[in-house]
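None of these values were measured; they are calculated from a predicted model. Residue numbers begin at 1 in each chain, while the letters A, B, ... track the order of the sequences. Side chains are part of it too, since the values below use all heavy atoms of this structure and drop only hydrogens, waters and symmetry mates.
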There are 2 protein chains.
Amino acid sequence: MAVGGTRPGGRTARVRTAVLNAAGDALVEHGFDRLDLADVARRAEVGKTTVYRRWGTVTGLVADLLADMAEQSLPRTDNGSLIEDLRANARLVQRTLVDQRQGALFRAVIVAATCDSRAAEALHHFYAVRIAEWTPCVEQAIQRAELPPGTDPAEVIRAVSAPLYYRLLLSGDPIDDATAERAAQAAAAAARAGVYTTAGDSR
Amino acid sequence: MAVGGTRPGGRTARVRTAVLNAAGDALVEHGFDRLDLADVARRAEVGKTTVYRRWGTVTGLVADLLADMAEQSLPRTDNGSLIEDLRANARLVQRTLVDQRQGALFRAVIVAATCDSRAAEALHHFYAVRIAEWTPCVEQAIQRAELPPGTDPAEVIRAVSAPLYYRLLLSGDPIDDATAERAAQAAAAAARAGVYTTAGDSR
DNA sequence: TCATTAAAGGGACTGCGGTTCCGTTAAGGT
DNA sequence: ACCTTAACGGAACCGCAGTCCCTTTAATGA
């Protein structure tokens with residue numbers, strides 16, 4: 001007999017992906033604040049009760065959606081030099097944010113994080129992982145003596161993304177190729193100048 | 001007789017400030033998604049109907065709140081050198097975002113902008129004005145030959161804020177003095193390296 | 001001071017997001 | 001193949017955010 005234990009079998013998994021996809025669609029169409037769980041259930045061809053039981057709230061659902069997105073992260077490519085690596089990273093982020101669907105999802109997920117602590121935790125984890133994936137390229141640059149020793153790798157990677165997100169969320173300016181290029185160049189210039197060394201400030 | 005025309009007299013203005021203050025309090029306490037207009041009305045000691053009639057939606061109210069915030073912007077100080085000016089700017093933004101009330105308000109306003117086009121417009125205008133206030137310090141730096149000619153002033157100022165907002169919204173890392181200092185130094189280093197020149201890239 | 005009329009107030013009403021209850025389906029162990 | 005039970009589904013139900021309607025207040029001009 002089947003005593004205790006969770007049941008991650010076929011149906012449950014199928015429902016989860018269906019609901020997560022539907023939630024993504026609904027978010028892209030209506031945005032975070034107009035998200036109706038009953039509508040998600042309808043799109044997923046799933047009982048409304050199921051959605052409420054398993055996810056409960058909009059932020060809970062979005063948090064799970066984020067966890068799902070985190071699983072399918074593409075590995076970074078090695079491009080030989082710091083600036084090439086940072087450029088590749090900037091382009092990747094740019095493409096993601098500009099993409100109709102992905103951009104809307106990111107906006108929704110960020111919004112959810114400001115409202116709900118679980119979503120916030122998921123988001124912070126997501127970015128911690130993403131950043132960690134790219135830190136090796138900075139470490140390599142330090143070994144190549146492209147950057148001063150003691151440079152904080154994570155800070156360099158974050159510096160590449162920051163201007164792009166600034167445009168996405170605050171200024172509304174387009175996130176074009178030139179923006180990505182500038183973001184990569186700026187991070188590289190600041191890093192070379194020793195701004196991100198943990199020890200101290202070297203002008 | 002009083003024919004036509006709006007009536008911006010005492011009571012109306014009094015109601016507006018009362019509601020805006022109450023909305024701010026409620027936002028700080030509950031956050032954007034838990035904002036209830038009836039609750040705002042209660043706090044403002046104003047009829048629920050009035051709030052719905054004049055602002056209609058949560059995003060509408062937040063948009064007006066932002067417009068109100070835009071009016072009371074403090075003028076920038078002149079600190080003699082580029083790095084000192086950027087440092088002052090970074091500190092100002094840092095203080096604002098760290099402040100319990102202001103930080104929550106900014107988060108709410110940014111969230112509203114992702115949901116509602118009017119709020120988005122208000123937000124973009126707000127930052128355009130804020131940025132414009134600080135561009136003179138970059139222009140002065142160009143004249144002093146601290147920066148290469150052709151440097152885009154707005155881009156430099158945005159570069160200072162971007163890492164701070166990144167922490168506020170995405171990573172959740174603390175926005176401390178060191179962060180502000182690094183933001184100012186990084187923007188200055190990138191600008192000196194010619195990253196923000198419109199002409200082209202001077203590595 | 002008085003007439004006029006924006007604008008605010010109060011309270012009943014309603015549509016819908018979210019919950020509850022209970023019957024049905026299928027995963028998975030034996 | 002069969003039994004057990006986690007998980008899903010349908011539908012009635014409920015409370016409250018948002019609307020409507022009508023009354024009251026006070027800003028403004030003559």
Check the pair B:Leu97, B:Arg107 against side chain to side chain contact (heavy atoms under 4.5 Å, CB included), reporting the backbone distance first and the verdict last.
CA-CA 9 Å; B:Leu97 299 186; B:Arg107 265 192 294 268; over 6 Å; no
Is it true that a side-chain atom of A:Ser161 and a backbone atom of A:Arg158 form a donor plus acceptor pair closer than 3.5 Å? no
Per-helix bend value, the helix from C:dT1-D:dA30 to C:dT30-D:dA1, C1' rotation axes over five pairs per end, 10° rounding, shows 50°
Is there a donor-acceptor pair closer than 3.5 Å between any side-chain N or O of B:Gln94 and the backbone N or O of B:Ile175?
yes
Ordered by number, residues from residues 108-119 of chain A within less than 4.0 Å of DNA chain D (heavy atoms) are none
One pair to check against side chain to side chain contact (heavy atoms under 4.5 Å, CB included): A:Val138 and A:Tyr196. What are the steps and the verdict? CA-CA 11 Å; A:Val138 177; A:Tyr196 302 123; over 6 Å; no
Derivation of the side chain to side chain contact (heavy atoms under 4.5 Å, CB included) call for B:Arg87 and B:Gln185: CA-CA 8 Å; B:Arg87 213 198 302 268; B:Gln185 293 286 355; 4.0 Å; yes
Electrostatic pair A:Arg95-A:Asp99, nearest N-O below 4.0 angstrom: no
Here the residues of residues 37-57 of chain A within 4.0 Å heavy-atom distance, strictly under, of DNA chain C are A:Lys48, A:Thr49, A:Tyr52
* Looking at B:Tyr165 versus B:Tyr127, is the centre-to-centre ring distance below 6.0 Å? -> yes
message = Has B:Arg144 got a side-chain atom pairing as donor or acceptor with B:Gly80's backbone, closer than 3.5 angstrom?
response = yes
Picking from C:dA8, D:dA27, D:dG18, the nucleotide nearest the side-chain atoms of B:Arg14 would be D:dA27
